[in-house]
Amino acid sequence: MERETFFVDVLLPLPLPGLFTYRVPHDLAAEVSFGMRVIVPFGRSRLYAALVIKVHQQAPQQVNTKYVLDVVDDRPIISECQYRLWQWIADYYMCTIGEVMAVSLPSALKLASETKVKLHPEFSGDISILNEYEMAIVETLAHRDTLTVDEVCKIVHIQKIIPIIKSLVDKKVVITDEEIRNPYKAKRETVIRLAAPYASEVPFMAMLDQLSASSKTAQQADCLLAFMMLTKTDKGYDFTATVPKSKLMEAEVVTPSRLQSLMKKEILVSEEVIISRLVEASSRAKVSDILLSEAQQTAFRQIHEQFEQHPVVLLHGVTGSGKTEIYIKLIDEVLSQGKQVLYLLPEIALTSQIVNRLRTYFGDKVGVYHSRFNEYERVEIWNRVLAQNAEEDFSKYQLILGARSALLLPYQNLGLIIVDEEHDGSYKQQDPAPRYHARDCAVVLANIHQAQTLMGTATPSLESYYNVEQHKYGLVELMTRYAHSQLPEIWSVNMIQATRQHQIQGVFSQFLIDKIGEALSKKEQVILFQNRRGYAVRMICNSCETMPTCKYCDVTLTYHKRTNLLKCHYCGYAIEVPHECPTCHSTDIAMKGFGTEKVEDMLA
């Protein structure tokens, strides 16, 4: 009986449109499904780990369809809802879905081939045909089995190395091969436990008495007691518990030789286990302990009422009004339904403050995801979020808190997305593609999961407020600060009027100088903000009004006094300060505007 032939449409992490079709070998047909990674050849000699998007039996038009070489995963690493978001991002932000995949997946999950160079087995040793760069490579290969392309670049100090490698291949001096590298490795730890015959109280005590009775083995008995002390719980000793070897070795009575003797006698057993790289936490307070003020209770009730009419609600609350307590109450409701919650923040710096607060109430249900985690930690968080519905120990990550990249995790059953400080420009990805806006993508992701979105801010963005006026979003206002604390007093000074009245010293108004002096006399601190780097914003010719600009970016160059340079703050282009106007050669030139350097000078 002839076996069925299957094909897969795969997605590659490359800026190329569409999917690519490969034939599945008969022995791998049963192992392939949506969301799994497969190794495929691409181009002349490259190998990639591609994501399977569709399995089918429709043979492509071309005759020579390449084969899938191997299957990397035993289960999908993305969810279908996640792939739908990728499709929307690629379409809406005008990029390829391969670019979205490349940004979404942690680097440790993006396998790619790395060209390796080694000496040709039939190389005669004739070096007369080699130039100096080729000689350097061959000399290094004489002491090492293989070199990667990156390593070859460092040896010869040339970036365009491919022509040199090609020349060596043509001369039959070296050969190249493609190897798939999987950088992710689970973290392992050696643990010690009691062997099965002694893993209960009666046989353990009998064995301990036997060791203690002899002076030769008394020290081994002490070692064993030290082990048991580390298994102690509130309910007594746990005879089935494991203890990390590193922790056991910290005990004063434990030495490598004593431990080895106990293992030779098969009293203790050593084994390697996979452990988490992530910090675990336990909850220390109950959500029911949070007492909302009257204004907060009203806002909390109105949010529920608005969610009945709108999937997206804007919470407009002044600074210090207690929006976070309302978030915690809402999160608790969604988590109790067994659903996931995504809490987005614009900046990584804000994350550590909020995460400690949330872990007080939700413990190890809180997961944190942002770019400062190393690649292995990001893969672990990815797997925990993906395994939310699985019966596994790490399916506890129901509440994910992070910056915009947290939006791209493989959620299974989102119930609520909170976008805190929704007005913040940091939610917009600038480079590389996809240049997505996490706030807007959050609304789409929530819609895919049939979840609700709550946007919180003290200063709503124009887009969100417009959507409220168009009745697309619901609106809840919280204009009372918690415990009726006062908002800071704000004064604004008309600098044009102050100049006319001769109430300006340098770049400061007399009003500001008086207030700084008043604060310092009370031994209080003062912070001055100026959103311009450098000394002066621009240089201008008073005769022809020419201003030097960047030849690449066409923006005005900023004067930096300390280095005496005019710099472009976009690309870094810099020139020396000219002594005369480059257009009319006038020496009547001036520096206009002021930056942080000038503020510092004036303060001194």
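Side-chain atoms of Tyr427 and Asp440 form no donor-acceptor pair, as typed in the model, at a separation below 3.5 Å. Under 3.5 Å, the side chains of Gln430 and Arg435 contain no donor-acceptor pair of N or O atoms. Side-chain polar atoms of Ser586 and Asp588 form no donor-acceptor pair below 3.5 angstrom.
Atom CG of Leu51 sits about 9.0 Å away from atom OH of Tyr83, to the nearest 0.5 Å. Here the straight-line distance linking atom CZ of Phe508 with atom CD1 of Ile513 works out to 7.0 Å at 0.5 Å rounding. Taking CD1 of Ile53 as the reference point, atom CE of Met101 lies at 8.0 Å (rounded to 0.5 Å).
Checked options Gln503, Gln505, Lys515; the residue passing with Gln510 is Gln505 (criterion: side-chain hydrogen bond (donor to acceptor under 3.5 Å, both in side chains)).
Looking only at distances, no side-chain donor or acceptor of Glu134 sits under 3.5 Å from a matching main-chain atom of Ile137. Without hydrogens or angle criteria, Lys323 side chain to Gly317 main chain gives a donor-acceptor distance under 3.5 Å.
For Glu580, the side chain to side chain donor-acceptor pair (under 3.5 Å) partners two or more places apart in sequence, or in a different chain, are His585. Residues passing the side chain to side chain donor-acceptor pair (under 3.5 Å) test with Trp88, sequence neighbours excluded: none.
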*So Lys472 and Glu463, salt bridge (Lys or Arg N to Asp or Glu O under 4.0 Å) or not? Walk me through it.*
CA-CA 11 Å; Lys472 289 182 179 179; Glu463 302 95 322; over 6 Å; no
_Stepwise side-chain hydrogen bond (donor to acceptor under 3.5 Å, both in side chains) check, Ser521 with Glu518_ = CA-CA 5 Å; Ser521 66; Glu518 190 181 314; over 6 Å; no
*Please step through side-chain contact (heavy atoms from CB on, under 4.5 Å) for the pair Thr558 and Leu566, ending with a clear verdict.*
CA-CA 5 Å; Thr558 303; Leu566 292 172; over 6 Å; no
_Stepwise side-chain hydrogen bond (donor to acceptor under 3.5 Å, both in side chains) check, Ser461 with Arg439_ = CA-CA 11 Å; Ser461 62; Arg439 180 197 62 212; 3.3 Å; yes
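Atom NZ of Lys154 sits in a sparse spot, with 12 or fewer heavy atoms from other residues, nucleotides or ligands closer than 6.0 Å. Annotation: Glu545, atom CD; neighbour count of heavy atoms from other residues, nucleotides and ligands within 6.0 Å does not exceed 12.
Sequence neighbours left out, the pairs with a member in residues 568-577 that pass side chain to side chain donor-acceptor pair (under 3.5 Å) are His560-His569.
A salt bridge does not link Glu347 to Arg404: none of the charged side-chain nitrogens sits closer than 4.0 Å to a carboxylate oxygen. Between Arg562 and Glu600 there is a salt bridge, since at least one side-chain N of the basic residue sits less than 4.0 Å from a carboxylate O of the acidic one. A salt bridge does not link Glu597 to Arg533: none of the charged nitrogens lies less than 4.0 Å from a carboxylate oxygen. With respect to the salt-bridge test (charged N to carboxylate O, under 4.0 angstrom), the residues Lys561 and Asp601 qualify.
Between Tyr535 and Phe594, the ring centre distance reaches or exceeds 6.0 Å.
Inter-residue side-chain proximity for Leu557 and Cys550 is flagged as met; some heavy-atom pair is nearer than 4.5 Å.
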